[in-house]
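First listed ligand is number 1; within each ligand, the first listed atom is number 1.
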Amino acid sequence: MDHPHIRIFAAVAALSLSLAPPALSASPTPVEAEHGMVVTAQHLATNVGVDVLKNGGNAVDAAVAVGYALAVVYPTAGNIGGGGFMTIRLKDGKTTFLDFRERAPLAATKTMYLDAKGDIVPRASLDGYLAVGVPGSVMGFEIAREKYGTKSRQDLLAPAIRYAKEGFTLEQGDVASIAGSAKRLAKDEAAAKIFLKAEGKPYAAGEKLVQPDLAAVLSSIADKGSDAFYKGVPADAIVKASQATGGILAKEDFEQYAVRELKPIECNYRGYDIISSPPPSSGGVIICEILNVLEDYPLSFLGYGSAETVHLMVEAMRYAYVDRNAALGDPDFVENPVSTLLDKGYAKAIRAKIDPYKAGTSANLKPLGVKESVETTHYSIVDDEGNAVAVTYTLNGSFGAGVVAPGTGILLNNEMDDFTSKPGVPNLYGLVQGEANAIAPKKTPLSSMSPTIVTKDGKPFMVVGSPGGSRIITITLEAILNVIDFGMDISQAVNAPRIHHQWQPDKIYLEPYTLSPDTIRALIAMGHTLDDGSGPPQWGQAAGILVGGKSLADIEKGGGARYYGVMDSRATEGSAGGY
Ligand code: DON
């Protein structure tokens, strides 16, 4: 706190302390519950999770049932043909992390998305079977259930099987999500047969989506476990379809797939313990690096959305994202400098480089980059015993690679696009990644997914995460800052407008109406470039739970209910549910 502007602004802010917090009171009221809370991006999946908890299942059981259910009722991102991460904190304080993210096929090569001249082949890592990484979700859910759950496979798969077999009624958000990818889905016969009506017509709200092939695959998993997927009919069908259309997936890819159980990233921010995703995600490391930098600034005095706060957040993000892009990758392939990046002394060195009056310039920092994409999903769960689970899983892009192997009903991911297609050269999104994330057989691409659990004094405090590509990190970070530094309740915290900086392009992205015109002018005067138009209109869909009160102030007063949950209003069909 030794920067002069901080002293000045702290003094000014102290004078205005009696002012009310920013006007975010229009956020929906969080859902309250005493025994358990489930927050997901699709209301039917939320109900599945709540039912599991009510029937005596723990948070991991609920997470597994929700994961399978979302594969049916939230096909844009819920999946068994993709992968993801599960952060677990058990009631006894044990923390662990399951990495069931996709891996590159054995036949993958560093240059597989380049043409003979060495140029990137447009969309080769995004569409069709060449874009598909070996899926991990089924093995991830089965290992989670076997090691940390209490219920049978049949119990946890039953709701997903029912929704696939009997169908579920589509609502406005479900229909919009399918319509958004209709053109791509129409190109794949098997996908079109499921997600479009006769003659390629889109479904309307109120109609039912029935997925009999997916029901059959889920039933076979209920009967025989993950071997039914990796050594059975689905793997064979996917390999066959891949080989027929220029893909490189082989039977051995499925046979050799393995889930990793890893130690989560942990750091302390203002007395709160953050537990989040380790490499092959960049999420936990980068959230912690940014928090370490920000910890020495009086953010609550500077205030949510002030030019000073935004400036400091942006500078911390700029430095952390350079590290993300230069240094991080699959831990089985590259040495990740995790202890350096998490070191408080390293954060101090970054603070020393941040000019309190002036925007930094990304061009002066090491020129490596980051990518972003379009659809993923996060859900948060806490049970009666205090077990907490945060899951983010994905097909990467909306509806993944846009292909379904005939007869399986399984949408396949396009996670291969998360690799560096060509080191040092902007990818299809105009972004750049480094050598540490180059493609190699069996390697997992670097992720930004950040399923996060925050504890205080050894007890669960918050469960949070989001989709949003490279913005996942800043969305999750901002939800945490909004609660801890800015005093928002959990609903305000996940619904508040967001800012984002990722080193390159060197500009602050804003959701529309995030900052006032005079705040924007103050940031421009510091040398920042702002952009509230070129990003997606809405960023991510955070799912948050706060324990013991709906806000810090509420908790300090003794709270009310035990759990408060909220699904980001950006998720039209999402919900929080408890009992
Ligand atoms: O793992 C990652 O970082 C990306 N595949 C996540 C993609 C994503 O969040 C898309 N969502 N909006």
Side-chain angles (χ1 to χ4, degrees), residues 41-42 70 74-79 81-87 97 99-104 125-126 131-137 140 173 177 180-181 276-287 321 324-325 328-330 369-379 390-402 411-421 427-429 431 433 437 439 443-452 464-477 498 500 502 509 511 535-543 568 570-572 574:
Q42 217 283 356
L70 285 168
Y74 195 67
T76 181
N79 69 80
F85 301 132
M86 185 181 292
T87 306
F97 180 86
D99 164 18
F100 53 94
R101 186 161 162 81
E102 300 88 333
R103 296 191 166 201
S125 60
L126 285 164
V132 179
V134 186
S137 294
S177 148
S181 292
S276 193
S277 49
S281 179
S282 59
V285 178
I286 299 306
I287 287 174
Y321 271 90
R324 179 205 187 275
N325 308 325
L328 300 179
D330 182 332
V370 65
K371 72 161 298 300
E372 58 183 299
S373 26
V374 267
E375 202 52 81
T376 294
T377 193
H378 175 85
Y379 53 98
V391 177
T392 316
Y393 80 143
T394 187
L395 290 167
N396 189 31
S398 208
F399 294 89
L411 273 164
L412 292 160
N413 68 82
N414 58 0
E415 217 70 53
M416 291 296 285
D417 190 63
D418 274 355
F419 278 118
T420 309
S421 287
N427 72 358
L428 296 173
Y429 297 92
L431 300 165
Q433 293 195 106
N437 190 31
I439 305 171
K443 191 175 173 184
T444 294
L446 185 64
S447 173
S448 298
M449 293 189 289
S450 310
T452 299
V464 68
S466 179
S470 62
R471 292 181 167 93
I472 290 173
I473 294 170
T474 50
I475 293 168
T476 307
L477 169 92
R498 297 165 179 148
H500 174 75
Q502 58 178 37
Y509 289 98
E511 277 185 311
Q538 297 184 333
W539 304 358
Q541 303 166 337
D568 201 319
R570 296 167 182 87
T572 34

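Among S281, S282, G133, S447, the residue whose heavy atom lies closest to atom 1 (O) of ligand 1 is S447.
In summary, the aromatic rings of H378 and F85 are positioned with their centroids too far apart to meet the 6.0 Å limit.
Within the cation-pi definition used here (under 6.0 Å to the ring centroid, within 45° of the axis), R471 qualifies as a partner of W539.
Distances between N or O atoms of T394 and those of ligand 1 include no value under 3.5 Å. Any N or O atom pair closer than 3.5 Å counts here, and G469 shares at least one such pair with ligand 1. On a distance-only criterion, L446 and ligand 1 share no N/O pair closer than 3.5 Å.
Look at R101 and D418 and you find a salt bridge, because one of the NZ, NE, NH1 or NH2 atoms lies within 4.0 Å of a carboxylate O, short of that distance.
Of all heavy-atom pairs spanning T476 and V464, the tightest one is CG2-CG1, 3.9 Å. I287 approaches S450 most closely through the heavy-atom pair CD1-CB, 3.7 Å.
Against a heavy-atom cut-off of under 4.0 Å, R101 is close to the following atoms of ligand 1: 1 (O). Less than 4.0 angstrom separates some heavy atom of S448 from each of these atoms of ligand 1: 1 (O), 2 (C), 3 (O).
In this structure, E102 contributes its side chain and G83 its backbone to a donor-acceptor pair below 3.5 Å.
The proximity of D418 to ligand 1, defined as any non-hydrogen pair under 4.0 Å, is limited to the side chain.
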